[in-house]
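Note sheet for the following structure.
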Protein chains: 4
Amino acid sequence: MRKKDDEKQKCIKNAVVQLILEEGFQGASVSKIAKAAGVSPATVYIYYENKDAMLRDIYQEYTEDTISYLLQCLSPNMTGDEIIAELIRRYYYFIIENKEIFHFIEQFSGCPVLQSSCGVMRGPADLTQLLTELKRRQILNNYNNDNLYAILFSPVKSIAVKPCETEQMESERLDELIGIIQRILIKDI
Amino acid sequence: MRKKDDEKQKCIKNAVVQLILEEGFQGASVSKIAKAAGVSPATVYIYYENKDAMLRDIYQEYTEDTISYLLQCLSPNMTGDEIIAELIRRYYYFIIENKEIFHFIEQFSGCPVLQSSCGVMRGPADLTQLLTELKRRQILNNYNNDNLYAILFSPVKSIAVKPCETEQMESERLDELIGIIQRILIKDI
Amino acid sequence: MRKKDDEKQKCIKNAVVQLILEEGFQGASVSKIAKAAGVSPATVYIYYENKDAMLRDIYQEYTEDTISYLLQCLSPNMTGDEIIAELIRRYYYFIIENKEIFHFIEQFSGCPVLQSSCGVMRGPADLTQLLTELKRRQILNNYNNDNLYAILFSPVKSIAVKPCETEQMESERLDELIGIIQRILIKDI
Amino acid sequence: MRKKDDEKQKCIKNAVVQLILEEGFQGASVSKIAKAAGVSPATVYIYYENKDAMLRDIYQEYTEDTISYLLQCLSPNMTGDEIIAELIRRYYYFIIENKEIFHFIEQFSGCPVLQSSCGVMRGPADLTQLLTELKRRQILNNYNNDNLYAILFSPVKSIAVKPCETEQMESERLDELIGIIQRILIKDI
DNA sequence: GATGAATGAGAGTTCATTCAT
DNA sequence: TATGAATGAACTCTCATTCAT
């Protein structure tokens, strides 16, 4: 009984991100979402207050999931180089393998009017805290947090959505980017 | 007969980007756009074939404008440091001063289903050519073009949309970012 | 959930033929139809895929109904005179008592662009078969099917829509027509 | 100067009947008509008061033309058989060769709401007068005028719009119909 | 909890018509 | 006279949401 509910909600979430990737926000009507999820439109309103709340909730959930997935790869005794390499590499493959989720988060977070309805989230705060901590431990250079964040995560997003011709080229490109960013961000001794 | 009124088309374009910034793609209906532009809904269809074509045309126009605006700052005898500083700084202030246009371009280009309707554009090709040329002249390090592009333009976008508390802090943050990227990209001698 | 309401679909059908009689195809907009049927415009689209499909479906349904209503009056042991008299008389009064339906069918079937969207229907085939059969049994003269059809059904339609001053005159006019057509079509012995 | 005007109006008339044949009344908007006629929408309003008046005027003109074309074939010393044969044959080929005009007249005259805006016309009165005259001269049987009219003109319309496989078959079918109607209507001596 | 029917509001678009040239 | 631009009204259709079962 409990299980069935969760599966329905999962279907809805999948349908949302899938549809938005394929047809854009415009094309993701409640009826289409319901049809794609294999439920009735009315059922959607059992799990979510309304459409805006649905998008917002799904956004927040996926955002938290994504960040905590990224942070899972870290362990206390890693070197700075390892931390950077792991974060970037993990993010890169997450994007590749979860196109719909990534696309949904990006589109949503890029829209002020949607963002404004979201409360504070845990994940982004954890990320900022991580960066601050790494600076405190003299692992990262003492750059402005916004700059750190921007250099660490923007370029990898940028290349992850541009496929190369071969997998090997993609791999080399990623390694090169990791090397560059390590050289910038890691505290010179 | 009346002549087609360029002023009117400008109003429509302004209304589109303004509305999409304030209310998102969802909120930018043709009627709202027309009202904001001070014309009748039917008038929109004199200047654009349909709504999709309107968004696409405006996107392509603003994209070309933006890139050619960026490239205008370059002159043949600049050093690598100057080129990077100028490009990033110019882009940064362009974003700050043209929030609506930047936001519109980002939202549009981030949506595959919209992008797919666009033909090839000149601006992006010019940018790629510039990077290739700078590598050939041994001004930039010989990194993968995608990486060069990602490092040069993604971080500045990321920070430009996060306002600081004071203008001075913003200015320092930008200078820091420029310094970092110069150090990464400029050919070590 | 509610069950689909046959009553509602009947209301829509009535509204369609009524409105088209009163205001022509031009005046029969979906909103007017919905209002006349006492439902919301959106409800129409639950029962029909779109406006064209609605008109087509209703046309086909009424056409089949009409023809099968006509053929109901026939029984195996009738003479040729009786068959002709019954068919014409029945058709005449059907038209008089179902003006809207008849008018709708005529207007629709007279428009090639509408007709072309219809698949083959049963009724017309049954009619042709009837005529062929009656010729085979040497009840009707061996005229071309098109001519038989034209003489049997066109004149009665023509007079049915022209009201006379008194009912008696109408009745005499109809009897006269029946007599004429019997004399033409019935196999001389 | 004068000639050019008349040609424009002719273009409009042609465009109207052509478009209505191809796309139905629904598809014949003023803009489409104007485009098909090679003029501006505004120009239409120089020649006609509004759209309804345009359709009505064109209908009346074509109706008069058609009837007077039919009557032209008659001459005082023709026999009854010749009169009937000529009228039917001429009508038949007129329909074949002027599909658009015939279709337009039929659709228009079949719609009460359109008909009601028309004043009395000369042609139909002439036709009725002809029939009355032929009865007076004991050429036609003394049937009710509506019946005479119905038998003389409805069947030929019915077959004229159903093409046969070969021209010869069409010709035979027409001859047969003419024969039948002659036998019905011509005063037995 | 789950559903398909039902809906008012609003979407994109075209209409018949007029205006300014 | 003739035009293409311009428009408010109306079009077809879909939306997010609720209702009755």
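Lettering follows sequence order; numbering is per chain, from 1.
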Between protein and nucleic acid, restricted to nucleotides 9-11 of chain F and to nitrogen or oxygen atoms under 3.5 Å apart, what atom pairs and distances do you find?
unit_1, atom_1, unit_2, atom_2, d
dC11(F), OP1, S29(C), OG, 3.3

Open item on the list: Could you check whether F102(D) and F94(D) have their ring centres less than 6.0 Å apart?
Closed with: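 Distance test on ring centres: not under 6.0 Å, no.
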Task: Between F108(D) and Y59(D), ring centroids under 6.0 Å - done: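 Under 6.0 Å, so yes.
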Taking [atom1] from [X] and [atom2] from [N], how many angstroms apart are they, rounded to a whole number?
X: E49(D); N: dA16(E); atom1: CD; atom2: P; value: 16 Å
X: K35(C); N: dT7(E); atom1: NZ; atom2: C1'; value: 14 Å
X: I12(B); N: dT13(E); atom1: CD1; atom2: P; value: 13 Å
X: N50(A); N: dA9(E); atom1: CG; atom2: P; value: 18 Å
X: Y45(A); N: dG4(E); atom1: OH; atom2: C1'; value: 15 Å
X: M54(C); N: dT12(F); atom1: CE; atom2: C1'; value: 11 Å
X: D52(B); N: dA11(E); atom1: CG; atom2: P; value: 15 Å
X: L19(A); N: dT14(F); atom1: CG; atom2: P; value: 16 Å

If only side-chain N and O atoms of [X] are considered, is one of them under 4.0 Å from the OP1 or OP2 phosphate oxygen of [N]?
X: Y47(D); N: dA2(F); answer: yes
X: K8(B); N: dA5(F); answer: no
X: Y48(C); N: dC13(F); answer: no

Open item on the list: Does E97(A) have more than 12 heavy atoms from other residues, nucleotides or ligands lying within 6.0 Å of its CD?
Closed with: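 Yes.
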- [ ] Without swapping roles, check the side chain of Q115(C) against the backbone of G110(C) for a donor-acceptor pair under 3.5 Å.
- [x]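 Looks like no, no N/O pair under 3.5 Å.
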Task: Check: T43(D) side chain, V39(D) main-chain N or O, donor-acceptor pair, under 3.5 Å - done: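 No, T43(D) side chain to V39(D) backbone: no donor-acceptor pair under 3.5 Å.
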- [ ] Determine which nucleotide pairs with dT21(E), using a 3.5 Å limit on both distances of a Watson-Crick or G-U wobble pair.
- [x]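 WC or wobble partner is dA2(F).
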Task: Base-pairing assignment for dA16(F) (Watson-Crick or G-U wobble, both under 3.5 Å) - done: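 Its partner is dT7(E).
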Open item on the list: Can you confirm whether the side chains of Q18(A) and E22(A) place a donor and an acceptor under 3.5 Å from each other?
Closed with: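 Short answer, yes.
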Open item on the list: Is the ring pair F104(A)/F25(A) parallel, tilted or perpendicular, if the boundaries are 30 and 60 degrees?
Closed with: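 Geometry flag for F25(A) against F104(A): parallel rings.
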Task: Residue I46(A), side-chain atoms from C-beta onward, closest of dT3(E), dT18(E), dA2(F) - done: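 Given the options dT3(E), dT18(E), dA2(F), the side chain of I46(A) is closest to dT3(E).
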